[in-house]
Amino acid sequence: MLKIATWNVNSLRIRLPQVLDWLKTQQPDILALQETKLIDANFPSADFKALGYHAAFAGQRTYNGVALLSRFPSVNIVTDLPDLEDPQRRVLGATINDLRVVNLYVPNGQAVGTNKYAYKLAWLDKLADYLRKQLVTYPQLIVLGDFNIAPEDRDVYDPAAWSGKVLCSEPERAALRRLLALGLTDTLRLFAQEEASFSWWDYRAGNFRRNQGLRIDLILASAALAQICASCQVDKTPRGWQRPSDHAPVVAEFAVSAKEN
DNA sequence: ATGGTGGCGCGGCCA
């Protein structure tokens, strides 16, 4: 079984002990991280190597930053969307054995109507172009990360309050549906879940305690992989730890032999 | 409750 996970850690410097603990207990084959907020020179590769993980990363100071930790090395690494001039480190594509993995930190968008929202929609357009081509080259494609979009109302604790707001607006949801229409499956929805299954809870106002969250962290799989997807769930445990990230890990398993991956 | 909390880095931005 191949176990692959995504986790927005909101600063890998602060969260490194939690990530190391989680790797030890969950032992995923691949972990995609977002919001590492580290320049590459400061990436803690040695700490992961000590646990048997290769690391690939694309970071910057203060904001953004993505990384891939994996039992087998990453090759053919890509850190930018084609045809998009962008200093923000939000993309990390890599081939790990027979699998193509694209780790994303989709722009937040701040608020509908802002420049950041327009950047988010333009970014998602470029992403769709890229993934369309990736699917041709790599039938075994996983696209995962912090999408900063709640796909449907059932992914939102209070759909009425969030209606039309950033993370839930119709243009964002339409952009996500266009990604799915390329031939990608939202693997969590292949399996029965608790009614309110979220992956992010605002730090403010005790939102996690009341399970007032959104599901914005997704693991998408191409048809060949969706067919052999054996499970997908949110691991809420780390969100309850002391000084947590505001996101929880999402974990999916695929029925491939250990020899292949 | 137009607030609230957290990370970065030291004032204000971003989420």
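Sequence lines set the chain letters: A, B, ... in the order given, protein chains first and strands last, and positions in each chain run from 1. This one's a predicted model, so the numbers in the text were calculated from it and none came from an experiment.
If A:Gln110 and A:Thr62 are placed on DNA chain B by their nearest nucleotide, the residue sitting closer to the 5' end is A:Thr62. Closest-nucleotide positions on DNA chain B for A:Ala205 and A:His247 were compared, and the one nearer the 5' end corresponds to A:Ala205.
Between the P atoms of B:dT5 and B:dG9, the separation comes to 22 Å (whole Å). Across the C1' atoms, B:dT2 and B:dG7 are found 23 Å apart, a figure rounded to whole Å. To the nearest whole angstrom, the two C1' atoms, one in B:dG11 and one in B:dA1, are 26 Å apart.
If you check every strand for non-hydrogen atoms under 4.0 Å, A:Phe208 touches nothing.
Applying the salt bridge (charged side-chain N to carboxylate O under 4.0 Å, His left out) test to residues at least two apart or on different chains, the pairs with a partner in residues 110-126 of chain A are A:Lys120-A:Glu172. Sorted by first and then second residue, the pairs that involve residues 12-24 of chain A and meet side chain to side chain donor-acceptor pair (under 3.5 Å), not counting sequence neighbours, are A:Trp22-A:Asp235.
Checked for salt-bridge contact, A:Arg189 and A:Asp186 miss the test: no charged N lies under 4.0 Å from a carboxylate O. Salt bridge status for A:Asp80 with A:Arg90: absent, with no side-chain N to carboxylate O gap under 4.0 Å. With salt bridges taken as basic N to acidic carboxylate O contacts below 4.0 Å, one links A:Glu170 and A:Arg177.
Residues satisfying the side-chain hydrogen bond (donor to acceptor under 3.5 Å, both in side chains) criterion with A:Gln233, sequence neighbours excluded, are absent altogether. Take A:Tyr53 and apply the side-chain hydrogen bond (donor to acceptor under 3.5 Å, both in side chains) test, not counting sequence neighbours, and it matches A:Arg71.
Chain A approaches DNA chain B over the interval B:dG4 to B:dA15, counting the first and last nucleotide 5' to 3' with an atom under 4.0 Å from its heavy atoms.
The line from CG of A:Leu68 to CD1 of A:Ile96 is 5.0 Å long, rounded to the nearest 0.5 Å.
Heavy-atom distances under 4.0 Å link DNA chain B to A:Asn10, A:Ser11, A:Arg13, A:Ile14, A:Arg15 of residues 7-18 of chain A, given in residue order.
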